[in-house]
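All remarks here apply to the structure that follows.
Since this is a predicted model, take the numbers as computed values, not measurements. We name chains A, B, ... by the order of the sequence lines, and we start the count at 1 in each one.
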Amino acid sequence: MASASPAHAAVPWVLHVDMDQFIAAVEILRHPELAGVPLVVGGRGDPTERAVVSTASYEAREFGVRSGMPLKVAVRRCPEAVFLPVDAPAYEAASARVMETLRGMPGAVVEVLGWDEAFVGVTTSDPVAYAQSIRAAVLEATDLHCSVGVGDTKVRAKIATDFGKPRGVYVLTRDNWFEVMGDRPTIALWGVGSKISQRLASHGYQTVRDLASADEATLVAEFGPSMGPHYGRLGRGVSSATVDDTPWIARAHGRETTYQTNLVEPDEVAEAIRSLAGQVVEDLRREGRACQRVFLKVRFAPFFTTNRVRKLGEPTFDPQVIATTALDLLTGLADDRPIRLLGVRAEMVPPEGGYVDPRTSGRGGPSARSAGTGGGTEDVTP
DNA sequence: TCTGGGGTCCTAGGACCC
DNA sequence: TCTGGGGTCCTAGGACCC
């Protein structure tokens with residue numbers, strides 16, 4: 001088995017395909033005059049409103065504009081930028097063409113992660129050439145550019161893509177993991193955000209290398225028996241390597257709105273919740289699955305967010321029941337505090353036979369471990 | 001500087017039953 | 001009177017990703 005492993009052996013690889021400035025690129029396709037100018041897509045396209053940047057073109061990024069940044073900040077950093085509203089149906093159509101192209105690649109198993117990215121599993125002796133053929137095929141079919149990360153696990157492939165951008169390919173495996181990632185902060189890992197990175201730092205684990213050799217008992221004490229070891233594995237780049245094309249089945253649908261002016265009157269709060277509940281029910285009816293649990297999300301001004309949940313006695317499609325439940329969850333929380341945002345989410349009754357997808361969304365936690373062997377048992381030392 | 005809207009998953013702890 | 005251990009269901013709350 002461990003004999004001469006020739007460079008040309010066909011073995012399984014994980015590729016991560018990520019479109020370059022996807023939303024901006026789609027807009028430039030239908031507005032060619034915007035090519036080369038700073039472009040910001042977000043909200044309703046009005047930078048005086050409460051909304052954030054969905055995507056900034058590379059030209060806008062040179063001014064420091066980033067995804068997730070408030071439009072008000074973006075316009076201050078780049079006053080000459082063109083601002084466009086989000087047009088979800090247009091991006092969904094472009095996304096569908098991209099994913100169909102990926103599914104047409106020989107031997108490819110495609111696991112969609114979002115509008116503009118997917119894992120591609122393939123067994124090949126030359127993953128870089130395969131990645132370049134993906135880039136060419138996507139460009140041919142859609143006029144859109146992408147970058148491809150090549151890895152021996154999902155985490156490595158996902159992170160590799162960033163090093164390939166734009167319009168490139170990058171390989172990240174156990175062989176160069178510590179060379180490339182070892183000195184970077186833990187927040188550079190997929191699945192480690194600001195809170196977890198701070199908690200890791202409080203134990204002296206600042207870098208990916210620190211985390212990779214972290215004391216297991218310390219991680220378990222801090223994060224629990226499941227998440228603790230999971231973070232240790234992330235530090236080593238170890239994760240599932242199984243790409244799964246089972247279609248995703250949604251667990252829940254929700255609607256939330258940030259109000260341009262804070263809500264203060266009980267009447268307007270009740271009306272807002274009724275409106276959100278009505279929109280959620282449209283999604284439920286389209287799906288044909290009733291609501292069994294109601295989630296209420298509230299963001300009070302200036303910026304405190306909280307959630308409440310209640311299971312219903314009987315599953316329902318009735319917007320009145322959902323709205324009444326959501327309002328009930330709000331009582332005792334509000335205390336006359338001004339409300340910036342309200343969200344109503346409905347967890348749906350599982351489909352016939354339950355949820356079958358063996359993978360998880362992949363980012364949240366270690367639950368892919370229950371998918372069994374997918375290469376997640378591999379280990380390396382820093 | 002001012003922070004969207006769509007999601008998923010994990011942990012802790014209380015209530016309840018056997 | 002003082003009191004087990006295990007299991008399941010539920011809610012609260014936190015964290016992350018695109």
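- Look at CD on Q260(A): it is 14 Å from C1' on dG5(B), rounded to the nearest Å.
- Considering CG of L341(A) and CG of N262(A), their distance stands at 10.5 Å, rounded to 0.5 Å.
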Determine all donor-acceptor pairs shorter than 3.5 Å in which one atom belongs to a side chain in residues 28-39 of chain A; sequence neighbours excluded.
| unit_1 | atom_1 | unit_2 | atom_2 | d |
| --- | --- | --- | --- | --- |
| R30(A) | NE | E27(A) | OE1 | 3.0 |
| R30(A) | NH1 | D87(A) | OD2 | 3.1 |
| R30(A) | NH2 | E27(A) | OE1 | 3.1 |
| R30(A) | NH2 | E27(A) | OE2 | 2.9 |
| R30(A) | NH2 | D87(A) | OD2 | 2.9 |

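- For the 3.5 Å distance criterion, the side chains of D244(A) and T246(A) qualify, holding a donor opposite an acceptor.
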Restricting both atoms to N or O, compile the protein contacts to nucleotides 1-4 of chain B shorter than 3.5 Å, with distance only.
| unit_1 | atom_1 | unit_2 | atom_2 | d |
| --- | --- | --- | --- | --- |
| dT1(B) | O3' | R76(A) | NH1 | 3.2 |
| dT3(B) | OP1 | K72(A) | NZ | 3.3 |
| dT3(B) | OP2 | R340(A) | NH2 | 3.3 |
| dG4(B) | OP1 | R340(A) | NH2 | 3.4 |
| dG4(B) | OP2 | R299(A) | NH2 | 2.3 |

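- Under the 4.5 Å side-chain heavy-atom criterion for Ile, Leu, Val, Met, Phe, Trp and Tyr, V349(A) and V294(A) are members of distinct hydrophobic clusters.
- Within 4.0 Å of K297(A), counting heavy atoms only, lies no atom of the nucleic acid at all.
- Whole-Å rounding puts the I159(A) CD1 to dC17(C) P distance at 10 Å.
- Donor-acceptor pairing under 3.5 Å is lacking for the side chains of H203(A) and T218(A).
- Distance CZ (F223(A)) to C1' (dG13(C)): 16 Å, rounded to an integer number of Å.
- Under 4.0 angstrom from either OP1 or OP2 of dG7(B) there lies at least one side-chain N or O belonging to H253(A).
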Open item on the list: Applying side-chain contact (heavy atoms from CB on, under 4.5 Å) to I196(A) and T186(A), what does each step give before you reach the verdict?
Closed with: CA-CA 9 Å; I196(A) 300 298; T186(A) 57; over 6 Å; no
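- Between R255(A) atom CZ and dG5(B) atom P the separation is 11 Å, expressed in whole Å.
- Remark: P of dC18(C) and CE of M99(A) are 13 Å apart, rounded to the nearest angstrom.
- In this model, the phosphate group of dG6(B) is not approached by any side-chain N or O of W115(A) to a distance below 4.0 Å at OP1 or OP2.
- Residue G193(A) is in sugar-phosphate contact alone, with no base atom involved, counting any heavy-atom pair closer than 4.0 Å across all strands shown.
- When hydrophobic residues (I, L, V, M, F, W, Y) are linked wherever their side-chain heavy atoms come within less than 4.5 Å, V52(A) remains an isolated member.
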Open item on the list: What does the 5'-to-3' dot-bracket notation of DNA chain C look like when only Watson-Crick and G-U wobble pairs under 3.5 Å count, and pairs to other strands show as |?
Closed with: ....||||||||||||||
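- With 3.5 Å as the limit, one finds a donor-acceptor pair spanning the side chains of D46(A) and T48(A).
- Taking 4.0 Å as the cut-off between side-chain N and carboxylate O, E282(A) and R285(A) do not count as a salt-bridged pair.
- Using a 4.0 Å heavy-atom distance criterion, G254(A) is classed as a sugar-phosphate-only contact.
- Between E268(A) and Y259(A) there is no side-chain heavy-atom pair separated by less than 4.5 Å.
- Taking atom P on both nucleotides, dC16(C) is separated from dC2(B) by 25 Å, rounded to a whole Å.
- More than 12 heavy atoms of other residues, nucleotides or ligands sit less than 6.0 Å from atom CD of E92(A).
- The closest side-chain donor-acceptor pair between D210(A) and T207(A) falls under 3.5 angstrom.
- Here E256(A) does not pair with R299(A) in a salt bridge; the nearest charged N to carboxylate O distance is not below 4.0 Å.
- In this structure, K154(A) atom NZ and dC18(C) atom P are separated by 13 Å, rounded to whole Å.
- Classification of E271(A) and R274(A) as a salt-bridged pair holds, one side-chain N sitting under 4.0 Å from a carboxylate O.
- As a whole-Å value, the separation of R251(A) CZ from dG6(B) C1' is 15 Å.
- Atoms CD1 (I249(A)) and P (dT8(B)) sit 11 Å apart, rounded to a whole Å.
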Tabulate atom names and distances for all N/O pairs under 3.5 angstrom spanning the protein and nucleotides 10-12 of chain C.
| unit_1 | atom_1 | unit_2 | atom_2 | d |
| --- | --- | --- | --- | --- |
| dT11(C) | OP1 | K311(A) | N | 3.0 |
| dT11(C) | OP2 | K311(A) | N | 3.3 |
| dA12(C) | OP2 | V309(A) | N | 3.2 |
| dA12(C) | OP2 | V309(A) | O | 2.9 |

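- Residue contacts for S67(A): at a heavy-atom cut-off of 4.0 Å it reaches no nucleic acid atom on any strand shown.
- For the C1' atom pair drawn from dC17(C) and dG4(B), the interatomic distance equals 14 Å after rounding to whole Å.
- We find that D18(A) and K165(A) are joined by a salt bridge, their nearest charged nitrogen and carboxylate oxygen being less than 4.0 Å apart.
- A heavy atom lying under 4.0 Å from DNA chain B marks none of the residues of residues 160-172 of chain A.
- L189(A) comes within contact range of the sugar-phosphate backbone alone, with a heavy-atom separation under 4.0 Å but no base atom that close.
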